[in-house]
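Just follow the structure's listing: the first ligand is 1, and inside any ligand the first atom is 1.
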Amino acid sequence: MSLFPNEAALRLLETRRSVPTSQLAEPAPSDAELARILTIATRVPDHGALSPWRFIVFSGDARHQVGQRLSAVYRLEKQDMSPERLEKFADIMTRVFTYAPLVILIVSSPAPDAKIALLEQELSAGAVAMNLLNASHASGYGAILLTGWAAESRSAAAIYGLAPHEHIAGIVHIGTATDIPADRARPKLADLVTHWTAPE
Ligand SMILES: Cc1cc2nc3c(=O)[nH]c(=O)nc-3n(C[C@H](O)[C@H](O)[C@H](O)COP(=O)(O)O)c2cc1C
């Protein structure tokens, strides 16, 4: 017996693609839509039911305010860069959370003393990211998962208030797509799938 066969859901999964931040505009999901998207995002395989992830949401002015702080610590962290490059990238950091109207950090927050392997907990955070992208798509919004310095730097992590054992699994930018981007070439299944058979 199937729980919930749904051709429309399959079509939805088949059509999801990332929307570049340059094509993400207002409006963002409403608070109610966002609550539903995030609830769906948490519906993931999670060995030990640890919920080893959490979200930090940036909207409105908070996106500019965090950008100012990111830019300041970027300047401190990258003092070996040439002045021109430093200026260029520090300026980008002021804007890096403002391209889309809504930005969500997925924080991998593994339970420090759990018996479940760290990799399994981090994979669960990856599953959260994927569900978040699909739920955004199903809600009629465009989204993309990005990383980069703002996701990797420990100075940036301090700005978000991460604990030492936490990491950014991804930064998801969400908005209304101004255009439907062309799909990229997808991997050929035949290159990826083998069927194991027992040796003779
Ligand atoms: C963990 C992770 C981090 C990523 N970081 C970036 C990034 O910083 N910049 C980027 O252009 N794409 C990044 N990507 C790729 C995009 O999220 C996306 O997969 C790609 O644009 C292809 O789009 P698709 O989702 O339609 O396949 C990342 C993907 C993953 C899984």
Side-chain angles (χ1 to χ4, degrees), residues 9-25 28-29 37-38 40-42 44-46 52-58 63 66-67 70-71 73-74 77-78 85 88-110 117-157 159-160 162 165-193:
L10 291 173
R11 281 299 298 146
L12 201 98
L13 295 172
E14 283 170 342
T15 54
R16 188 213 63 83
R17 68 201 63 176
S18 294
V19 179
T21 51
S22 58
Q23 294 172 29
L24 292 174
I37 288 169
L38 293 181
I40 291 168
T42 64
V44 291
D46 173 9
W53 18 256
R54 64 188 180 94
F55 304 104
I56 304 176
V57 177
F58 295 82
R63 297 169 307 139
V66 75
L70 286 172
S71 181
V73 296
Y74 188 89
E77 203 176 291
K78 301 281 185 180
R85 277 177 63 80
K88 178 182 168 190
F89 287 106
D91 183 53
I92 289 173
M93 289 309 148
T94 63
R95 289 179 272 112
V96 76
F97 275 40
T98 65
Y99 301 128
L102 185 65
V103 180
I104 299 173
L105 298 188
I106 300 170
V107 180
S108 170
S109 188
L118 181 62
L119 175 62
E120 294 190 30
Q121 298 187 57
E122 290 177 339
L123 286 171
S124 185
V128 167
M130 190 68 251
N131 259 8
L132 181 44
L133 292 173
N134 277 325
S136 299
H137 178 49
S139 304
Y141 295 96
I144 187 166
L145 171 73
L146 300 178
T147 44
W149 178 85
E152 288 149 17
S153 158
R154 288 320 292 178
S155 317
I159 292 171
Y160 313 135
L162 265 58
H165 72 286
E166 294 183 318
H167 291 87
I168 300 298
I171 306 176
V172 178
H173 304 252
I174 306 177
T176 298
T178 55
D179 208 355
I180 298 174
D183 202 4
R184 71 175 171 95
R186 299 289 164 179
K188 290 196 193 75
L189 212 53
D191 295 338
L192 305 172
V193 181

Do any N or O atoms from the side chain of [X] and from the backbone of [Y] form a donor-acceptor pair under 3.5 angstrom?
{"X": "Arg17", "Y": "Arg184", "value": "no"}
{"X": "Ser139", "Y": "Tyr141", "value": "no"}
{"X": "Ser153", "Y": "Trp149", "value": "no"}
{"X": "Thr147", "Y": "Gly170", "value": "no"}

In terms of heavy-atom contacts, does CD1 of Ile180 have more than 12 from other residues, nucleotides or ligands at under 6.0 Å? no
Would you say Arg186 has more than 12 foreign heavy atoms packed within less than 6.0 Å of its CZ? yes
Distances for all N or O pairs of ligand 1 and the protein under 3.5 Å?
| residue | atom | partner | partner atom | Å |
| --- | --- | --- | --- | --- |
| ligand 1 | 5 (N) | Thr147 | N | 3.3 |
| ligand 1 | 5 (N) | Thr147 | OG1 | 2.9 |
| ligand 1 | 8 (O) | Thr147 | N | 3.0 |
| ligand 1 | 8 (O) | Thr147 | OG1 | 3.3 |
| ligand 1 | 17 (O) | Leu145 | O | 2.6 |
| ligand 1 | 23 (O) | Ser18 | OG | 3.2 |
| ligand 1 | 25 (O) | Arg16 | NH1 | 3.2 |
| ligand 1 | 25 (O) | Arg16 | NH2 | 3.0 |
| ligand 1 | 25 (O) | Ser18 | OG | 2.5 |
| ligand 1 | 26 (O) | Ser18 | N | 2.8 |
| ligand 1 | 26 (O) | Arg186 | NH2 | 2.8 |
| ligand 1 | 27 (O) | Arg184 | NE | 2.7 |
| ligand 1 | 27 (O) | Arg184 | NH2 | 3.0 |
| ligand 1 | 27 (O) | Arg186 | NH1 | 2.8 |
| ligand 1 | 27 (O) | Arg186 | NH2 | 3.3 |

